[in-house]
Amino acid sequence: MSFLRRPTLLLLGLLTLSACATRPPASEPEALAEYEQANDPLEPFNRTMYTVHNGIDTVLLRPAAEFYRFFLPPPVRTGVRNVLANLRSPMVLVNDALQGETRRGATTLARFLMNSTFGIGGLFDVAEQVGLPGHTEDFGQTLAVWGLGEGPFLFIPALGPSNPRDLAGFGVDIAADPVGWGISDGGGTAEALGWTRLGLTVVDTREGLIEALDTVNETSLDPYATLRSAYRQRRRSDIRNGRPAGEAPAATLGTGLDVTEPPAGQAR
Amino acid sequence: MNRRSLLAAVLATSTALPLLAASPARAEMDINQAASFVDSTGRELVATLNSNQPIAARRQRVAQILRSAVDVDGVGRFILGRWWRVATPAEQQEYMKLFEETLIRNLSARFGEYQGVRFSLGRAQQRTEDDVLVNTIIERPSTAPFSLDWRVSDVNGRPQVVDVIAEGTSLRLTQRSEYSSVISRNGGQVSALLDAMRRQISALAAREGR
């Protein structure tokens with residue numbers, strides 16, 4: 001995925017050029033606490049990137065998502081979403097394992113086997129129907145479980161809210177994806193499939209966010225600040241696999257016979 | 001990183017303490033009482049949203065329900081956070097009025113979208129001694145069901161909603177950073193937030209008319 005490299009370099013260049021947000025002096029403890037809590041020392045740069053992102057979203061991403069929703073009936077879109085999730089599940093399994101989440105890993109493996117076979121290549125989520133709902137994991141979350149901090153908040157055009165840890169995790173997930181290897185080892189058809197997968201992932205993701213993002217843009221007095229706060233809270237919750245803060249994590253690296261279960265309705 | 005987050009935690013606690021001291025006395029919250037409170041309030045709300053009364057009548061009823069079920073004062077002050085003490089008494093009063101109006105209008109502008117809404121009660125769990133999290137599953141026609149958690153506290157002797165949490169995202173925390181950002185970016189002027197809130201309310205009211 002060499003197309004990722006150039007924008008990354010450009011981004012790093014811009015990062016070094018951009019002005020930083022002014023850190024409040026120690027004489028204003030409340031302002032300082034808020035500054036620390038927002039975790040956004042690069043805010044001026046990030047806001048510029050947010051504007052760039054909105055431009056891309058308005059002319060490209062959102063129309064593509066609307067188009068996709070308009071022309072494909074819900075069952076087809078559900079099938080696409082299921083296939084994409086199934087293709088991602090090997091990487092989910094790897095991350096489950098790296099986090100020592102044996103039970104969740106077993107669920108992911110069982111889902112992959114069932115959906116790939118009885119679910120016809122992942123088109124139907126038969127595993128969910130027998131009581132094995134899916135969940136997501138990524139290497140950014142794995143790094144967090146390993147104790148790595150998120151670093152400063154970043155807004156990446158076309159990708160959305162992020163941070164150095166999650167961005168690195170995103171790159172690792174792409175580079176390590178066994179499905180991706182299969183694609184790069186194949187010929188022209190495989191490459192076309194790879195691009196199709198990427199394109200579908202983008203429109204499917206954006207389609208799923210139409211209402212949520214419309215609501216934020218309509219109701220928030222500062223959508224950037226809302227997205228920043230929501231992203232960081234959501235990631236913290238995902239890293240804990242939906243368990244409330246402060247609750248002991250499931251017995252990681254254990255036998256998988258742990259007693260703590262994620263609360264019903266939050267295990268996704 | 002660790003030392004920084006510790007410092008942040010200490011600072012956060014020291015800023016939160018005066019806020020807590022200012023809020024009304026809170027007693028222990030019973031988990032079953034909280035769940036049945038969410039259930040009955042949810043039923044009332046759903047019945048109003050699905051009724052075919054005129055919009056104005058429905059809005060009035062929703063306003064009534066929200067005023068009695070939500071700790072509007074506490075949540076409003078929490079969201080304004082450190083700017084509450086920066087605001088003049090007149091601004092504080094105006095803010096509270098606008099905050100309540102925003103809460104109501106945000107729902108009433110979406111009456112159409114909520115037609116046919118249903119909800120079911122999930123499990124409730126004690127968070128702290130005076131604080132219970134009640135889970136609900138919201139179903140609307142043509143959209144996937146989603147989970148909402150209601151944080152219920154005992155405020156002056158009766159259960160009230162103090163926060164709503166969707167997918168691990170707390171509404172009051174998100175709105176706090178939103179409002180604070182508006183004020184900070186306008187040179188620390190609380191009046192800038194009030195202006196923005198007024199504009200938003202008239203936009204929502206215009207949308208409701210459609």
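Note that these values count all heavy atoms, side chains included, but never hydrogens, waters or copies made by symmetry. Chain letters run A, B, ... following the sequence lines, proteins first, then strands; residues in each count from 1.
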Per-residue contacts, residues 106-119 of chain B versus chain A, heavy atoms under 4.5 Å: B:N106, B:R110
Under 3.5 Å side-chain donor-acceptor pair for B:R67 and B:Q64: no
Ring pair (Phe, Tyr, Trp, His ring centres under 6.0 Å) partners of residues 211-243 of chain A, not counting sequence neighbours, each pair once: A:Y50-A:Y224
Test: A:D238 and A:R234 ion pair at under 4.0 Å: yes
Presence of salt bridge, B:R82 and A:E34, under 4.0 angstrom: yes
Check: B:R172 main-chain N/O paired with B:D163 side-chain donor or acceptor under 3.5 Å: yes
Within 45° cone of A:F155 ring axis and under 6.0 Å: A:R47 NZ or CZ: no
A:R111/A:E128 salt bridge by N-O under 4.0 Å criterion: no
Within 6.0 Å of CZ in A:F67, more than 12 heavy atoms from elsewhere: no
Engaged part of A:A230 at the chain B interface, taking heavy atoms whose separation is under 4.5 Å: both
Members of residues 209-220 of chain A whose heavy atoms come closer than 4.5 Å to chain B: A:T215, A:E218, A:T219, A:S220
Pair A:N241, A:E101: side-chain N/O donor-acceptor within cut-off below 3.5 Å: yes
When A:D222, A:T226, A:L221 are compared by non-hydrogen pairs under 4.5 Å with chain B, the top option: A:L221
Ion pair check, A:E36 and A:R23, cut-off under 4.0 Å: yes
SB check B:E94 B:K97 (cutoff 4.0 Å): yes
Sidechain N-carboxylate O distance under 4.0 Å for A:D138, A:R88: no
Contacts of residues 177-185 of chain B with chain A (heavy atom under 4.5 Å): B:S177, B:E178, B:Y179, B:S180, B:S181, B:V182, B:S184, B:R185
Winner by heavy-atom pair count (cut-off under 4.5 Å) against chain A, out of B:L173, B:I165, B:L171, B:T102: B:L173
Over 12 non-hydrogen atoms of neighbours within 6.0 angstrom of CZ in B:R43: no
Sidechain-backbone polar pair: B:D131 side chain, B:M29 backbone, donor-acceptor under 3.5 Å: no
